[in-house]
Visitor: 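Input: one structure, supplied below.
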Amino acid sequence: MTTTPLYEEVPVIPHFGSDLLVWLWWRAECSGNLHLRVGEEDREVLVWVDNRLRLLSANEDWKATLAGEQAPTTPEAYHALAKGKRVVEIRVCLQTGDRQYDVTLLADPDGPLRAKLPALVRGGGLNEQALERMYLAGELWEILLGIVRVYIDERLSPEWPSYLSAMRLWVREGMADARVASDDE
Amino acid sequence: MAILKTQLAAKRYDVRGEVPSDWLTRFEQRLDACRFTEPLSPLYKEPRIGWASLENWLDTDFSDRNAWVSEPIVYFTLRVDEKKLPPTFRKHLAKRQKAWCQENNRESCPASIRTELKELLEAEMLAKVQPRTTAVEIAWNVPEGWLLFGHVSDTPNDRFRKLFRLTFQELGLEAVPASLLEGQSIERLDQLLGHGPIVLEVA
C-alpha cells in the first residue's frame, strides 16, 4: 500500500532538481513530445529547450550561462555535461493545444515560478484577469507535476539503465556533431 | 503586478488545513482584522504591514467582496510601508556630536548623550522621510488550496508567511518543493533518494 507523504516527511533529494532538468533537456532534444497526465486528462505536451541554460560544477567553482537560440546545442553545452557539470537553470517552452508557456526551471527546489503565460482574454476586468491568470498558472503547475511524474517513472523503471545509456550517447554525439561543425567552419 | 501580468514571477504555496464552509465571511473578518492601517504617528521605524485591496492599495475595506472575490479565487495585496533613514544620517549625527563637544568643552560625547542625540535626530528625520510603499499581489484558489505570492525574494515571502499565519490561524502554508512531489508515495521518494545523481561524464 502506498501513502502520500506529509510535507515534513518528504526527503531532501539533493540531486533531484538538476537530474530532472538534464533529463528534460535530453527528452526535449531527442523526442520533444511528452505524453502527460494533466489534471484529469492525458495530453501531449510539446517541450523544447529555449535560449538559456545555466550550468555549475559540483564544487561550484565553475559556472557558465549559455544564451542564444542555439544554446542547447552548442559545443560548450555538451562539453559541460561531459565534464560532469550540473544543470541549475533551463528555459523551456511547453506547448499544449494552442497554449504556450515559456518557463524558467531551476534546480533549486526553493526557486520561484517564473513563466510567461499565454494571454487569452484581451481587456476584461480584474475579476476576469485574475480568473484567467490563476487558471493558466494552475494548468502550468499540472504540466510540471506531469513532467515530474514521467521523470520519476522512468528513473525508477527497470529500463533506466537503457535511458541512461541513451543520455550518454546523446552527449557523445552532441560533442562529435559540434566538433564536425567546427571543423567545417 | 507580478501575477496578473502575462510575465509571471511568483512563489507558489499550498494551503493546508480545512477551510470552513462560511469561508467568505470568515476571510472577510480576518482580512479586516489584519488590514493595513495608517500609523498614528509618523515617527515609526519598524515596517507597517497589512492586507489591502489588489486594485488599489489605498483601499483596505474588505466589506465590498467584489473588490477581492471572484469565486473560487480571492485576491488581495500585502502592503508594506517602510521608512528608511537617509544615508546622510551618520554624517549629521557626527556633526551634532562634534557641536555638543564644542559647546561643553569636552573631548568626546558620553554614551548617554550619544544615544540622546541619535534618538533626537532619528525622530527629526523620520518625521520628514516619506515611507516607501510596496504592494505584493496574492491570488488564492480557495477550494483547490493553493496560492501565488507575487514576489520571489526572501524578505517579502517571510513577511507574507508571518502575516498569513497571524490572519488565517488554522491554515498552514507549504512552499513549492514538497508540492512538486505531490502525489508521490514515500516508497517512491525513498527509492529515488537511493539512486545517486545522473552521471554523464565522458572519459
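To find a chain, count down the sequence lines: A is the first, B the second, and so on, and within it residues start at 1.
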Visitor: Just wondering, are more than 12 heavy atoms of other shown residues or ligands nearer than 6.0 Å to CZ in Arg114(A)?
Guide: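 No, because the 6.0 Å sphere around CZ of Arg114(A) holds 12 heavy atoms or fewer from other groups.
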
Visitor: Is chain A contacted by the side chain of Trp140(B), its backbone, both, or neither, given a heavy-atom distance below 4.5 Å?
Guide: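 The backbone, not the side chain.
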
Visitor: Does any heavy atom of chain A fall under 4.5 Å from the side chain of Asn66(B), the backbone, both, or neither of them?
Guide: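 Backbone of Asn66(B) only, per the 4.5 Å heavy-atom cut-off to chain A.
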
Visitor: Surrounding CD of Glu159(A) (heavy atoms of other residues, nucleotides or ligands, distance under 6.0 Å), is the total greater than 12?
Guide: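 Yes, enclosed.
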
Visitor: Check whether any side-chain heavy atom of Lys116(A) lies under 4.5 Å from a side-chain heavy atom of Leu8(B), and answer yes or no.
Guide: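 A side-chain contact under 4.5 Å is absent here.
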
Visitor: Atom CZ in Arg155(A), atom CD in Gln191(B): separation rounded to 0.5 Å?
Guide: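 The distance works out to 11.0 Å.
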
Visitor: Do Leu148(B) and Met134(A) have side-chain heavy atoms sitting under 4.5 Å apart?
Guide: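 In contact.
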
Visitor: Heavy atoms under 4.5 Å from chain A: which residues of residues 69-76 of chain B carry them?
Guide: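 Residues in range: Val69(B), Ser70(B), Glu71(B), Pro72(B), Ile73(B), Tyr75(B).
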
Visitor: Just verifying a value: how many Å separate Leu126(A) CG and Ser53(B) OG, rounded to the nearest 0.5 Å?
Guide: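 OG of Ser53(B) is found 7.5 Å from CG of Leu126(A).
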
Visitor: Hey, which of Ala130(A), Ser18(A), Gly17(A) has the most heavy atom pairs under 4.5 Å with chain B?
Guide: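 Max contact count across the listed options: Ala130(A).
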
Visitor: Hey, what do you get for CG (Leu193(B)) to CZ (Phe16(A)), rounding to the nearest 0.5 Å?
Guide: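 One finds 11.5 Å between CG of Leu193(B) and CZ of Phe16(A).
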
Visitor: Check whether more than 12 heavy atoms from other residues, nucleotides or ligands sit under 6.0 Å from atom CZ of Arg65(B), and answer yes or no.
Guide: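 Count over threshold, so yes.
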
Visitor: Please classify the contact of Tyr151(A) with chain B as side chain, backbone, both or neither, using a heavy-atom distance under 4.5 Å.
Guide: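 Interface part for Tyr151(A): side chain.
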
Visitor: Check this for me: Gln169(B), atom CD, are more than 12 non-hydrogen atoms of other residues, nucleotides or ligands nearer than 6.0 Å?
Guide: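 Yes, the 6.0 Å shell around CD holds more than 12 heavy atoms from other groups.
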
Visitor: Output the distance between atom CZ (Arg188(B)) and atom CZ (Arg149(A)), rounded to the nearest 0.5 Å.
Guide: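 Reported value, rounded in 0.5 Å steps: 9.5 Å.
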
Visitor: With no hydrogens and no angle check, is any side-chain donor or acceptor of His15(A) less than 3.5 Å from a backbone partner on His195(B)?
Guide: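 Yes; at least one donor-acceptor contact below 3.5 Å.
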
Visitor: Which atom names give the shortest non-hydrogen contact between Val199(B) and Leu164(A), and what distance separates them?
Guide: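 Between these two residues, the closest heavy atoms are O-CD1, 4.2 Å.
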
Visitor: When rounded to the nearest 0.5 angstrom, what is the spacing between CG in Leu156(A) and CG in Leu189(B)?
Guide: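 CG of Leu189(B) is found 9.0 Å from CG of Leu156(A).
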
Visitor: Hey, which residues of residues 89-101 of chain B are touching chain A, say heavy atoms under 4.5 Å apart?
Guide: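 Contacts with chain A: none.
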
Visitor: Checking Arg12(B) against Leu144(A) for the side chain to side chain contact (heavy atoms under 4.5 Å, CB included) test, could you report, in this order, the C-alpha distance in whole Å, the side-chain angles of both residues, the deciding distance, and whether it holds?
Guide: CA-CA 13 Å; Arg12(B) 183 187 153 117; Leu144(A) 294 177; over 6 Å; no

Visitor: Of all the heavy-atom pairs spanning Arg86(A) and Ile198(B), show the shortest one and how long it is.
Guide: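 Scanning both residues completely, I find the closest heavy atoms to be NH1-O, 3.2 Å.
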
